[in-house]
Amino acid sequence: MFAIEIKDLTKSFKGLRAVDGLTMKVPVGSIYGFIGENGSGKSTTEKLICGHLVPDGGTIKLFGKDYRDAGVRAKVGALIENAGCFPNSSVYNNLKMQAINLGLKNSDEEINRVLKIVRMEKDAQIKFKNCSLGMKQRVGIAMALLGSPALLILDEPINGLDADGMRIMREILTDITATYGSTVLISSHVFGELEKIATHYGIIKQGKLIREISANEMKRTSKSYILVECDDNKKAIKFLSLKYDGAVSDDYGKLRVYGDEASSDIAEYLLSNGIRIKYLKKNKIRLEEYYLDVMSRKEKC
Amino acid sequence: MVKYDRTKPKKLKSMLSVDFLRLFASPLLYVLIGVSFSLPVLILVMTTLNGGEESTLIFTSVWQSISSVSEEGATAMDITSMMNINLLFFLTSVLVGIFVSEEFKSGYAKNIFAIRHKKGEYVLSKILLLSFSGALTFIAYFLGAIVGGKIAGLSFELTNTSVTGLIFCMLSKIALLPLFSSIDLLISVFAKQKTWLSILGSLALSALLFPTIPMMTPLNSGIINLFLCLAGGIIFAFCGGLSSKFILDHTDIV
Amino acid sequence: MDQNQIIFDKPSFIERLKRMLGVDFYRLLHTPVFYIFLAISAIIPAMVLSMTGMSQEGEIAKPLYTETWQMIAAKQPLYVVNDIADYANMNMVFIFGGIMISIFIGHDYRSGYVKQLFTTHPQKQDYMLSKSLTGAFSMTCMCVTYIIGTVFSGILSGTSFEVNVSSLLISILSKMILSLGWAGLYTFINVILRKHFGIAIALSFFIGTGIPVIGAAAIVGNSSLLNLFLYGSSVYACLGSSVTAFFSGAIVSIVWFIFYAFLGSVILSKSDVY
Amino acid sequence: MNAVEIHNLSKFFGQKKAVSGLDMVVPEGAIYGFIGENGSGKSTTEKIICGLMRPNNGQIKLFGKDLSDEDVRHKIGCLIETPGCFPNLSVWQNMMIQAANISLRNPKEKVAEALKLVRMEGSASNKFRNCSLGMKQRVGIAMALLGNPALLILDEPINGLDADGIRIMREVLTDLTLKKKCSVIISSHILGELEKIATHYGIIRRGKMIKQVTAEELERECPKYVAIKPLDLNSAENLLSEKYIKVTRKDNFLRIYGDASPEETVNYLFKHGIKVEEVTTEKISLEEYYIDLMKKGENEIW
């Protein structure tokens with residue numbers, strides 16, 4: 001079952017096609033990293049899912065039901081662009097209103113729970129307009145977490161969070177997907193952070209989803225290789241190409257051995273032939289490289 | 001230091017161009033000019049064209065919508081002496097309130113005050129600009145009164161005043177504008193982001209000063225009235241400007 | 001917890017409306033806007049009552065209002081403004097109500113909280129109904145404070161209090177019922193013009209003053225056709241009104257309320273939230 | 001000559017001390033990385049430098065002159081928290097207003113150039129409120145850079161920028177500081193990006209500057225180490241700790257500090273029959289340095 005299923009969704013503003021035939025599937029319980037350039041239609045898609053914008057065409061299904069179904073939408077938590085809070089009311093009052101809006105019975109208890117999660121218990125009485133950028137972001141996250149939603153849509157939640165805030169963010173998302181089985185759609189430009197928690201990725205370019213892949217699939221399919229550098233590379237390459245056919249020297253003064261041999265065996269082989277190793281690394285594909293590689297490809301696969 | 005594109009800081013000129021650019025780019029001024037043109041038309045047309053029954057709002061001549069003649073009940077707080085051009089001073093309070101608080105609310109004040117230490121130019125440029133736009137609304141009202149008078153078929157002849165009296169009356173009212181805009185600026189600079197406070201505050205202060213206007217600028221005002229209004233306007237603008245500068249100097253901009 | 005266990009119990013219409021109303025009332029009672037307007041509608045009658053009429057040829061100005069209850073409603077339904085006393089009565093509450101609802105809804109959109117509302121409430125009629133009901137409630141409260149203000153200023157200025165009590169009650173009740181229709185109208189204006197707060201509040205003020213109906217009355221004269229309009233029936237609920245006036249006002253109000261709520265929901269569901 | 005010199009600066013909001021006794025020195029032409037947690041007083045300090053907030057006490061000197069010197073203040077460019085633009089005016093109009101604000105000689109051409117720099121020339125005509133978060137941030141940066149300022153203060157400019165946007169900003173900042181000798185104060189939480197361009201660092205905690213260091217000093221203070229991922233962690237650790245003085249363990253990697261060379265350590269392990277999966281020479285990253293600094297108690301640092 002998919003938490004979000006979108007089929008050729010289109011949305012244009014005054015002639016400019018923000019979302020253009022987007023098709024997307026977000027499995028339940030996953031943390032779906034939604035990546036793309038500024039203005040590639042990420043926020044627009046998220047607003048369409050939350051019903052903030054009316055699509056020109058295409059269908060959106062949440063948990064198998066139409067996205068306009070009130071039951072499903074009551075279990076959606078969203079933080080898009082900024083936390084929509086009343087500036088003159090205190091943080092606590094804003095959360096109280098959202099708790100009433102969600103019809104939560106034990107609202108005070110629930111509010112304290114989410115405030116504790118984002119470490120904002122002591123600042124609950126400050127007026128929202130007096131909070132700093134980082135604190136406003138945490139209030140937005142707390143509001144989205146109210147009532148432990150089945151689907152959480154976060155548009156660049158890491159914006160303005162400090163290192164500590166990012167760590168909390170990661171813990172929240174992994175915890176909510178594990179204990180409540182919720183699904184998270186998160187868009188961000190900080191690939192380092194996203195990489196640590198995302199289970200699926202969707203790469204969007206000019207309003208189209210050009211690649212949708214799960215994290216471990218990405219690891220498997222991308223050509224992995226071993227990087228090695230020795231004090232005498234020429235001698236090393238001769239030995240390596242004897243035993244491994246995928247050995248080649250790249251232009252950064254390092255040797256690459258494609259295929260999935262164990263790096264320890266390669267090291268063992270080189271050392272036993274008296275070659276001293278300066279650098280040895282299993283090349284774990286990083287999200288940023290994968291993203292740049294996909295973006296540079298012209299065709300849509 | 002390296003030569004920079006930023007020329008020698010001609011502060012007042014740059015501040016004025018910033019304000020004028022924004023004034024003509026946003027709809028605020030045009031809406032208020034529209035309102036001040038249609039206000040007299042509404043007043044004149046509605047009161048005269050009501051099936052002839054007796055009405056408390058009887059305008060004998062068009063110019064009554066500009067101001068009441070000096071000795072005729074100028075002090076009484078009755079309706080007709082209120083329903084004339086002097087209402088526009090309340091409109092200027094709304095204009096100043098919105099225009100200034102928009103600057104603080106959008107955060108553009110950060111860019112203005114980052115490169116200026118002295119707040120004098122900001123205050124002076126605002127007073128000049130807002131008096132100028134106030135004058136535009138007065139002119140629009142004047143034209144509206146003429147149009148309204150034509151439609152309602154009211155008489156245009158000037159009883160116990162002359163054309164010069166009328167012109168001086170209008171000029172001295174415009175001369176009072178710096179006085180009102182500097183006071184409204186004072187409130188708005190204090191209120192900063194809180195638009196409702198700057199508008200309500202300016203309206204309240206203008207209401208306080210309102211009764212003086214008919215006395216200072218009757219229909220048959222002469223050169224002395226103009227001189228008095230000009231002097232009063234400039235002195236008040238000076239004090240209002242200085243106190244606004246004081247507030248800006250001693251409070252956080254953000 | 002495996003996935004297909006997530007059950008989505010569809011909240012009933014009443015439940016959804018209750019939640020939305022809860023949010024609106026919480027905000028209404030916890031922010032100063034409502035109380036400021038209650039105070040305004042208490043003070044205004046005192047000020048207006050003290051205003052004197054037009055003074056002709058210098059004799060002392062005769063007071064505008066001879067009886068306190070003229071402040072609540074005019075003696076006979078006159079759609080045309082020829083006497084300020086007939087115009088400035090409790091209908092002014094509908095002007096203040098218009099401004100308050102514009103500020104209330106404008107705040108929703110400017111703060112961005114409307115994003116949360118429309119995330120959890122896909123049906124747009126929840127929003128329309130809840131805002132109209134909140135608006136109607138606040139206008140009724142403003143009527144109450146208006147009446148209190150009138151009574152006080154009446155006692156102070158010593159104007160006479162005798163009036164046909166039943167028709168006074170009818171006119172007060174029908175004006176309160178009419179606030180439903182007015183709230184629907186104001187909510188409609190502010191939701192349609194949500195992108196231009198300035199124009200929305202100006203338009204609400206303009207319609208609240210009833211100038212369009214007065215203009216029509218100036219042309220068409222005092223025909224009872226004007227009662228179909230909200231301003232018309234507000235004027236019709238005057239001191240001489242009978243029970244039929246009450247029912248006609250109630251029907252007009254409820255019809256407009258439903259019409260605007262329905263039209264607003266349809267338009268909203270077709271257009272983007274902001 | 002220093003671009004910014006601050007001595008014993010403090011600012012109170014009621015009883016809350018936003019900034020207390022802060023000292024700061026930013027040399028001319030430097031890119032000063034300003035690092036600190038949320039609410040540690042970064043933005044407040046930057047607002048005080050721009051004259052947007054009045055300090056309770058403390059001395060501030062810009063280019064040797066006092067903060068009230070008009071000539072110096074005229075050469076400041078700032079982007080603090082959100083870009084201050086009028087929402088219902090178009091991007092172009094906002095930029096033209098800023099060009100008038102700093103009395104630029106040929107505004108149209110300069111504004112077009114600035115927008116081109118941040119790849120925003122295409123959407124110059126749409127209203128500011130309709131731009132996405134990333135595009136608003138680019139407009140804010142373009143506005144701060146207009147008429148190349150002498151002192152540039154950017155408060156978390158990377159917020160919302162995509163990879164391409166960050167790359168552009170990096171290029172622009174290095175170009176500004178090298179060619180035009182502009183000094184930059186930039187605060188950010190993404191230390192990886194900051195590390196690539198910053199020449200000086202200032203670490204602030206609860207309103208007090210706890211460490212000011214240049215990039216070279218940081219280089220020295222962050223020792224190099226050889227990171228080894230052996231198949232069998234414990235035996236490798238015991239073996240290595242005999243040979244080398246300082247060996248620590250961090251998420252199944254062994255770190256050998258001091259001047260150990262990777263070849264030597266690998267051979268040493270190979271002789272003792274310990275298989276190795278990965279060998280790299282690394283340097284302690286800015287992020288790690290910052291986290292260690294934060295863990296140390298406040299008094300320990302002095």
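For clarity, every value in this text was computed on a predicted model and none was experimentally measured.
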Chain A shares the most heavy-atom pairs under 4.5 Å, among S271(C), S269(C), P122(C), with P122(C)
Top residue by heavy-atom pair count (under 4.5 Å) with chain C, among [options]?
{"options": "I49(A), N88(A), L79(A), N82(A)", "value": "N82(A)"}
{"options": "A144(A), A70(A), A3(A)", "value": "A70(A)"}
{"options": "G103(A), P27(A), G64(A), A99(A)", "value": "G103(A)"}
{"options": "V76(A), I153(A), V72(A)", "value": "V72(A)"}

Nearest-0.5 Å distance that lies between atom [atom1] in [X] and atom [atom2] in [Y]:
{"X": "T120(C)", "Y": "Q98(A)", "atom1": "OG1", "atom2": "CD", "value": "6.0 Å"}
{"X": "R68(A)", "Y": "Q123(C)", "atom1": "CZ", "atom2": "CD", "value": "9.5 Å"}
{"X": "L21(C)", "Y": "I100(A)", "atom1": "CG", "atom2": "CD1", "value": "11.5 Å"}
{"X": "F86(A)", "Y": "R27(C)", "atom1": "CZ", "atom2": "CZ", "value": "3.5 Å"}

Return the minimal non-hydrogen interatomic distance between [X] and [Y], and the atom names on each side.
{"X": "A78(A)", "Y": "Q116(C)", "value": "O-OE1, 3.8 Å"}
{"X": "C85(A)", "Y": "S111(C)", "value": "O-CB, 3.4 Å"}
{"X": "K124(C)", "Y": "G51(A)", "value": "NZ-O, 4.2 Å"}
{"X": "G71(A)", "Y": "P11(C)", "value": "CA-CD, 3.7 Å"}
{"X": "D272(C)", "Y": "F13(A)", "value": "OD2-CE2, 3.9 Å"}
{"X": "S89(A)", "Y": "T31(C)", "value": "OG-CG2, 4.4 Å"}

Please determine whether the number of non-hydrogen atoms from other residues, nucleotides or ligands lying under 6.0 Å from atom [atom1] of [X] exceeds 12.
{"X": "F96(C)", "atom1": "CZ", "result": "yes"}
{"X": "F247(C)", "atom1": "CZ", "result": "no"}
{"X": "F205(C)", "atom1": "CZ", "result": "no"}
{"X": "E171(A)", "atom1": "CD", "result": "yes"}
{"X": "F2(A)", "atom1": "CZ", "result": "yes"}
{"X": "F152(C)", "atom1": "CZ", "result": "no"}

Okay, side chain of [X], backbone of [Y]: is any donor-acceptor separation there less than 3.5 Å?
{"X": "N101(A)", "Y": "V23(C)", "value": "no"}
{"X": "K115(C)", "Y": "H52(A)", "value": "no"}
{"X": "R73(A)", "Y": "T119(C)", "value": "yes"}

Partners meeting side-chain contact (heavy atoms from CB on, under 4.5 Å) with D123(A) (sequence neighbours left out) | M120(A), I126(A), M135(A)
Between N94(A) and Y113(C): side-chain donor-acceptor atoms closer than 3.5 Å = no
Verdict with supporting geometry, V54(A) and K270(C), side chain to side chain contact (heavy atoms under 4.5 Å, CB included) = CA-CA 7 Å; V54(A) 178; K270(C) 292 280 179 300; 6.0 Å; no
Side chain, backbone, both or neither: which part of [X] has an atom under 4.5 Å from a heavy atom of chain A?
{"X": "K18(C)", "answer": "neither"}
{"X": "D126(C)", "answer": "neither"}
{"X": "R110(C)", "answer": "neither"}

Would K75(A) and D9(C) satisfy salt bridge (Lys or Arg N to Asp or Glu O under 4.0 Å), going step by step from the backbone distance to the final call?
-> CA-CA 10 Å; K75(A) 293 299 255 176; D9(C) 45 7; over 6 Å; no
Quick one: what part of N93(A) sits under 4.5 Å from any heavy atom of chain C, side chain, backbone, both or neither?
-> both
Counting only heavy atoms closer than 4.5 Å, note whether L102(A) contacts chain C via side chain, backbone, both or neither.
-> both
